[in-house]
Amino acid sequence: MAASTLERPLAARPSTWFVWAGMTAFGVFLLGILVAVVVDSFGRQWFDTWLPDGFTTERYVAAWDRFDLGEVVGVTVGVAVLVVVISVLVGVPAAYALARRDFPGKRAVMLLFLLPVLMPPVTYGIPLATVMYSFGLGRTLTAVVLVNLVPSVPFVILTMTPFIEQINPAIESAARMCGARTRQVFTRILAPLLVPGILAAAILVLVRTVGLFELTFLVSGPGSDTLVVAIYRGMTAAGGGEARQLISAMSVIYTATMLAMLVVALRFVNPTQLVAQVKETRDD
Amino acid sequence: MSDFESLELRGVGRRFGGVDALAGLDLTIRAGEFVALLGPSGCGKSTALNCLAGLLPLTHGEIRLDGRRIDTLPPERRGFGMVFQSYALFPHLSVAKNVAFGLQMRGVPRAEIDARVRAAIDLVKLGEHAKKLPGQLSGGQQQRVAIARAVVLEPSLVLMDEPLSNLDAKLRLDMRTEIRRLHQSLGLTTIYVTHDQEEALSLADRLVVMREGRVQQVGTPDELYESPASWYVADFMGYRNILPATVVSASGGEAVVELPRVGSAGDGGVRLIGRAVGGLGAGDRARVAVRPEDFTVTGAPRVAPASTSGGGTTGDAGSVPGSVSVVEYHGREFAVGVQAGDTMLHARATTAPDVGGAVTLTAPVDRVLVFPESLDAVVVAPREVAA
Amino acid sequence: MSAVGQRPGRATASLRHRLAERGIDPTLLLLVPGLVVAVALFVYPFSYGIGLTVQPTAAMQEQWGGGALANYVAFFRDPFVFDSVWLTMRLALPAALFNVLASVPVAMVLRHRFRGKRLLTSLLVLPITLGTVLTAQGLLIFAGRQGWINRTLLELGLVDEPLKLVNNYLGVMLSLIITGFPFAFLLISSYLSGIDPSLEQAAKTLGAGWWQRFRRIVLPLLAPGLATTFVLTFVLAFSVFPSARLVGDAMGETRVMSLMAFRAFGEQNDYTMASTIALMMGAVELIVVVAVLGLRSLLYRGTTGGKG
């Protein structure tokens, strides 16, 4: 009895059943949404029936041509990779300085990096987009990359700072006592130790950038739209059965792209580290 | 291995945020010496070590190696080895690569690196673990790797920052012997930081006792053990009974003191005679220090005042009446806690007295040390205490 | 050897040392690129945006008066715009509250080991990768008039005609829960895992029942985490835009602030009014965040036993 209560202390209570019922409802909705989109994207005609009256892959071909998805996917992946690389290059050194040094004004700097994460994207996105347009950067890839850096750089900093803090500073001292210069401390000792954290942060930035709608939408245009924005434009521009299935096809492509990037990224990082890192981050 | 004559610290200090973490440290270390910095946490001993290593900048004073000033050099160019309290092994490198790291940084040829790494790993008896990562080793093994990593560079000076404090008691004893063996067989010069007096006494040629960033006493283990310069040092050297007292009279290196809080209530306290250390005059506030093993426990209470004449150095210091409150078995002997007034006194006995029974504690006069209460006037240099 | 008690009068430290003592050394140069990005892409545009709000268009000044403050006058006087504050709060507050409160029991249950936990956890994290737009598309199909939900309900005879689950307040709420709940759940779980389980066991040995353990031990320790989670979830729900447009009633009951800002920006090309709405949005959010964090520091001072 004692052992079983330790393992499943809530098992027999009504509250537990309540939780499981809620979870089931959530799961039904989640799977329903996913499956509905996938079925719809392969459906021929689907109106007043349980399932479409036939299956085809031609929606994908149609959507691909109609929305120029080759370019859109290219833009999406390109923007995401650029944003990840830049925010890691900019964010990790800053996180190092914040983790290792106490200096006057540190709290102000932390606040500066925290604000873009706490503020609704629209609040700074609209003035930022206005600035972009006035610099003639509107609807360009440069603008899309730049606006995506605003939440990504602070995100890398906020993720990496606790990660660096938990690396014992004595290890760096030890390297110095062994005769390593600053550059060697970074390349030979710190870089290998930081790799798991950097990869985790990079994956999260990747997912966020691919999924980020508001900021990209404000400055992108034809030729610089990412997939989410293209889907949104498709949904708001057209209405009706035919278009809906094209949108569904596009949504499936979006999910597939996201999953593919995640799978590739996860080849390089242990998922448990990713989860642990997620926890680390959220704590701030 | 030590390729220098002497290392000189002159007025070394470090102020941080308006507080002296370390002040006025003067110390000359000769090649081949084993020097221990001893004190509780926050006394400045680790600060001193880090300043010496170059990991913390000095704010005052200078450090010279054979007359050449080195306190302006970055740590990587001082050529010292260091062993950290947390070991600070590189977690992503194998044992062999950890040890090889410093040699690689110095551009030593590959063949020589291999040979020296193997020799260093054998020296700390980790031959079969060379390929393992630090995370796969036990605490003691990790500490050996850290030591090998420091000594493989044949440094002019090895700095050790509480290297044994993360190990369990038995391992600590083994590693203590190991460190002393390495120090002697390699002819190292070692500076060792610890808060454990036993460790310091057993390892070091010279001890530096520190308090609040300042040196309290420097001397050989023997000097410090037999003649502590202050009650603070005495506390570290095993004088477990340190009691506030008032000097009644002082002359000829002896002092008669009154212990206000010891003894039965109402009679104004117990009087003891002890060896005066430092300048004491009648009416001064003092501290009396007695080691537990110097107290003799006798069953029958005797009448309090000892020789009012001030006895000889061989006579009794006086006697303290009390009642036994705790008896602990310590193998060959018993540790006895005696309640005297509102003070608990610690003593040793070969037979266990009854708990609650009345006893008397006595000690020889030259085993009872009387110090001025103030610690500020204490002299740094080793001093001879006049008999 | 000199006596202690007198420090050598002259400080021998160089300026570099003295700065380093205060934490200022070349390492801080590493902060520079990050600061440049923050200043160029956040601080500057933000200040620029504040400047924009007091340069209203001529049309605005004419319609609403108030001179340089015409945009603000319009914001507070125009019910079409100002009502969006209430409409946003009506969505964001209950959504955030629900997500946080529902996460607590789920995280409590999932805290213990059982078979299939990994699968369940990944299922919960899935919507984060789906994004709001795909969720909206799925909801339209799945919960629409002819979707599987209504079809099932009709077949079972539970309803006579299809329920209206999308293109209204409910649709947006569903979308906010589907995207926001996993986020809240992840956060709460990590806070919960930071609470030492031995505390609860200690309470158990002292005779506390499960409700008492939750109420007296877990909840107080979790409170700061709850507040933080609420704030972050609220921020997510507050800036809701795509779902309000796609599965909501964009001109009616889900006419949220961000929609109004986008309308001014994209459709009316009135950048100054768009900036005004955007800034007011930030201000409203700030009020809620400060209120919640203030409440948190009022209710609880101490550590969680874990980090956070």
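So you know, we letter chains A, B, ... as the sequences are listed, proteins then strands, and number each from 1.
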Counting only heavy atoms from other residues, nucleotides and ligands, does the tally under 6.0 Å from NZ of A:K106 exceed 12? yes
Checking heavy-atom separations under 4.5 Å from chain A, one finds in residues 103-128 of chain B B:Q104, B:M105, B:R106
Salt bridge or not for B:E76 and A:R176, using N-O below 4.0 Å? yes
Side chain from CB out, backbone as N, CA, C, O: work out which of these in B:R77 comes under 4.5 Å of a heavy atom of chain A, or both, or neither. side chain
Please indicate whether B:E5 has more than 12 foreign heavy atoms, meaning atoms of other residues, nucleotides or ligands, lying under 6.0 Å from its CD. no
Applying a strict 4.5 Å limit to non-hydrogen atoms, the region of B:F84 in contact with chain A is side chain
Measure the spacing between SG of A:C178 and CZ of B:F80 and express it to the nearest 0.5 Å. 14.5 Å
Do you know which of B:A150, B:P74, B:G54, B:A53 has the most heavy-atom pairs with chain A at a distance under 4.5 angstrom? B:A53
Heavy atoms of B:A88 and A:A174 approach each other most closely as O-CB, 3.7 Å
Does the side chain of A:P192 reach to within under 4.5 Å of the side chain of B:L93, using non-hydrogen atoms? no
Any donor-acceptor N/O pair, B:H92 side chain to A:R188 backbone, under 3.5 Å: yes
Please report the C-alpha distance between B:L159 and A:M177 in whole Å, then the side-chain angles of each, then the deciding distance to 0.1 Å, and finally whether the side chain to side chain contact (heavy atoms under 4.5 Å, CB included) criterion is met. CA-CA 10 Å; B:L159 307 170; A:M177 292 309 292; 4.2 Å; yes
Over all atoms of both residues, closest heavy-atom pair of B:L89 and A:I171: O-CD1, 3.6 Å
